[in-house]
Amino acid sequence: MTNAHFCFPVPESEQILLDTVRKLAGEFAAVAAEYDERAEIAVGHLDSLHHAGVNRAVLPAAVGGGGLSYLGFGQLVRILAAADPSTATIWTMHTGAGVALAELTFQTRGAFFAEEFLAGKRFANALSEPASGNRFLAPQQDAVARGSDWTLSGAKRFVSGAEIADYLLVNARVDGVPTFFGVVPDETVTVIPIWDTLGLRATRSQLLEFHDTVLPAEFRGRAPGPGDFAVIPAGLPGISLGIADAALAALIAHAQSRIILDRPLSHQQWVQHEVADVQAKLAAAHALYEQALWQADHGIPLFFPTLDRAKYLANKVAVEVAQLGVRIGGASGYLKRSPIQRHLRDAEAGQLMAYSTEVLASSMGAEVLGVE
């Protein structure tokens, strides 16, 4: 992908970084299937992104970073996800946790977390609870006061990159109010090795158990607010769109190279019609996503509901493109060695990531119908 493919071009000053990421992404793509097969985190990929200055670029300028635009961030995520969606997911979650801790603790330890982020330390989100479903910003677990600090006992699930994290972004209720903390994983935090999924296997998004884990007062953050860089909401649609882009590319390559009755499969009318349908939907999803990012860059509050719609559409379209890839690939596309089947497995995972398509559909539909 080049900038010409997008409705809203990113600033020229960010093109050098994106070109660097494209080059790295080509290397990531060559081994993504191997990491997926082993369900192994591609730590080297994360190191390469850090050494290329990607983490510094995405950290907001107010906390000492390069202040990458939302549009630039969206392109970056899509490039990574098209090459290696597991790396894209871990990096997005790492960035979300690191940026959040730098911003939410700005008045206390924000400089510390920013410095650790820039130094290459790894961050992970530990927000989702088994009992809270998709509502990861509304924890059900209560922190217990202990002197000037608090403690937490309970579980957090789907913690991408949990096994390599130096810091966790954790939430719990303090006096009934959702509150965010930075936590250093220690002997009170246990990784439960249950990760054996169909898709995004190399994220190793494990379950964590907390046993009277200290939530330090000095690492307590304020509530998220306007002006904070919304990394996770802005990144999730891009992950699904990158997967969809890769699935479409694999579909096209197969249709052009597969010969049926002396003609490429791409010459069959049903293939042309189906591809036209999913490509148009994918283009629309990209356009809606970019509109949301443009709104975010210009401080338009509407960008949050637009991002919700972009995620919903991106999740659905990614699955549709990948499913068509399996149909066109036929038996060969169903083989484990084919990239087509991996794109389908990864696309399905996007629909389950909070907020899921069902949760988004409920809130969007209620809004459209005027239901309180």
Side-chain angles (χ1 to χ4, degrees), residues 55-74 77 92-118 123-129 132 134-143 150 152 156 167-183 215-238 289 291-311 353-355 359-360 363-364 367:
N55 292 344
R56 178 174 294 277
V58 78
L59 188 69
V63 290
L68 188 70
S69 69
Y70 274 98
L71 280 167
F73 175 74
V77 173
T92 299
M93 299 303 172
H94 153 78
T95 302
V99 169
L101 283 170
E103 290 187 322
L104 301 184
T105 67
F106 181 77
Q107 300 296 333
T108 53
R109 300 305 303 275
F112 167 78
F113 284 119
E115 289 170 2
E116 291 290 88
F117 184 77
L118 294 175
F123 292 75
N125 278 293
L127 303 177
S128 181
E129 299 175 355
S132 63
N134 263 210
R135 303 297 183 181
F136 62 93
L137 294 180
Q140 304 300 302
Q141 297 169 356
D142 291 307
W150 292 265
L152 175 65
K156 299 288 185 178
Y167 297 99
L168 302 172
L169 175 63
V170 176
N171 60 353
R173 293 189 303 196
V174 174
D175 298 326
V177 178
T179 307
F180 294 86
F181 293 88
V183 171
L215 306 178
E218 64 171 333
F219 287 173
R220 178 178 177 174
R222 60 167 173 79
D228 292 334
F229 195 76
V231 172
I232 305 302
L236 291 182
Y289 181 47
Q291 180 186 6
L293 298 174
W294 180 89
Q295 291 172 340
D297 278 330
H298 289 79
I300 300 173
L302 187 64
F303 85 91
F304 268 115
T306 309
L307 277 174
D308 284 346
R309 285 162 170 76
K311 182 184 184 298
M353 298 168 74
Y355 295 125
V359 170
L360 289 173
S363 62
M364 289 159 48
E367 177 188 336

Practice item. In sequence, state the C-alpha distance, the side-chain angles, and the governing distance for Gln291 and Arg309, and then conclude on side-chain contact (heavy atoms from CB on, under 4.5 Å). Key: CA-CA 11 Å; Gln291 180 186 6; Arg309 285 162 170 76; over 6 Å; no

Exercise for review: Report the C-alpha distance between Phe181 and Val174 in whole Å, list the side-chain angles of each, state the deciding distance to 0.1 Å, and finish with yes or no for side-chain contact (heavy atoms from CB on, under 4.5 Å).
Suggested key: CA-CA 11 Å; Phe181 293 88; Val174 174; 4.0 Å; yes

Point to revise | Evaluation steps, side chain to side chain donor-acceptor pair (under 3.5 Å), between Asn171 and Lys156 | key: CA-CA 10 Å; Asn171 60 353; Lys156 299 288 185 178; 2.8 Å; yes

Review point. Between His298 and Phe303, is a ring-ring contact (aromatic ring centres under 6.0 Å, His included) present by the stated rule, with each step listed?
Key: CA-CA 9 Å; His298 289 79; Phe303 85 91; over 10 Å; no

**Study point:** CA sep, side-chain torsions, deciding dist, call: Leu101, Phe180, side-chain contact (heavy atoms from CB on, under 4.5 Å)
**Key:** CA-CA 8 Å; Leu101 283 170; Phe180 294 86; over 6 Å; no

Identify every side-chain donor-acceptor pair in residues 57-65 under 3.5 Å, counting partners at least two apart or on other chains, and give the distances.
none

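When the options Glu218, Glu103, Glu115, Glu116 are evaluated for a salt bridge (Lys or Arg N to Asp or Glu O under 4.0 Å) with Arg109, the one that passes is Glu218.
Taking the six-membered ring for Trp and the full ring otherwise, Phe219 and Tyr167 have centroids separated by 6.0 Å or more.
We find the CD-CG distance between Gln295 and Leu302 to be 4.5 Å, quoted to the nearest 0.5 Å. Interatomic distance, Asp175 CG to Trp150 CH2, rounded to the nearest 0.5 Å: 8.0 Å. For the atom pair CG of Leu169 and CG of Leu127, the computed distance is 5.0 Å after rounding to the nearest 0.5 Å. In this structure, Thr179 OG1 and Arg222 CZ are separated by 13.0 Å, a value rounded to the nearest 0.5 Å. Leu307 CG to Leu293 CG: the interatomic distance, rounded to the nearest 0.5 Å, is 6.0 Å. Between atom CG of residue Leu68 and atom CG of residue Asn55 there is a gap of 11.0 Å, rounded to the nearest 0.5 Å.
Take Tyr289 and apply the ring pair (Phe, Tyr, Trp, His ring centres under 6.0 Å) test, not counting sequence neighbours, and it matches no residue.
Between Leu215 and Ala143 the shortest heavy-atom distance is CD1-CB, 3.8 Å. Gly182 and Pro216 make their closest contact through O-CD, 3.6 Å (heavy atoms, listed as atom of the first residue, atom of the second, distance). Residue Ala354 comes nearest to Lys311 through the heavy atom pair O-CE, 3.9 Å, listed as atom of the first residue, atom of the second, then distance. In plain terms, the two heavy atoms of Ala126 and Leu168 that are nearest each other are CB-CB, 4.4 Å. The two residues Leu360 and Ser363 have their closest heavy-atom pair at O-OG, 3.0 Å.
Side-chain contact between Val231 and Phe73 is present, with at least one heavy-atom pair separated by less than 4.5 Å. In this structure, Thr92 and Ile232 have side chains that are in contact, with non-hydrogen atoms separated by less than 4.5 Å.
Side-chain N or O atoms of Glu129 include one that pairs as donor or acceptor with a backbone N or O of Gln140 at under 3.5 Å. Looking only at distances, no side-chain donor or acceptor of Asp297 sits under 3.5 Å from a matching main-chain atom of Ser69. A donor-acceptor pair under 3.5 Å links the side-chain atoms of Tyr70 to the main chain of Ala230, judged by distance alone.
Shown here is Arg56, whose CZ atom has no more than 12 heavy atoms of other residues, nucleotides or ligands within 6.0 Å. Residue Phe112 places its CZ atom among more than 12 non-hydrogen atoms of other residues, nucleotides or ligands, all under 6.0 Å distant.
Using the six-membered ring where Trp is involved, His94 and Phe123 have ring planes that are tilted, between 30° and 60° apart.
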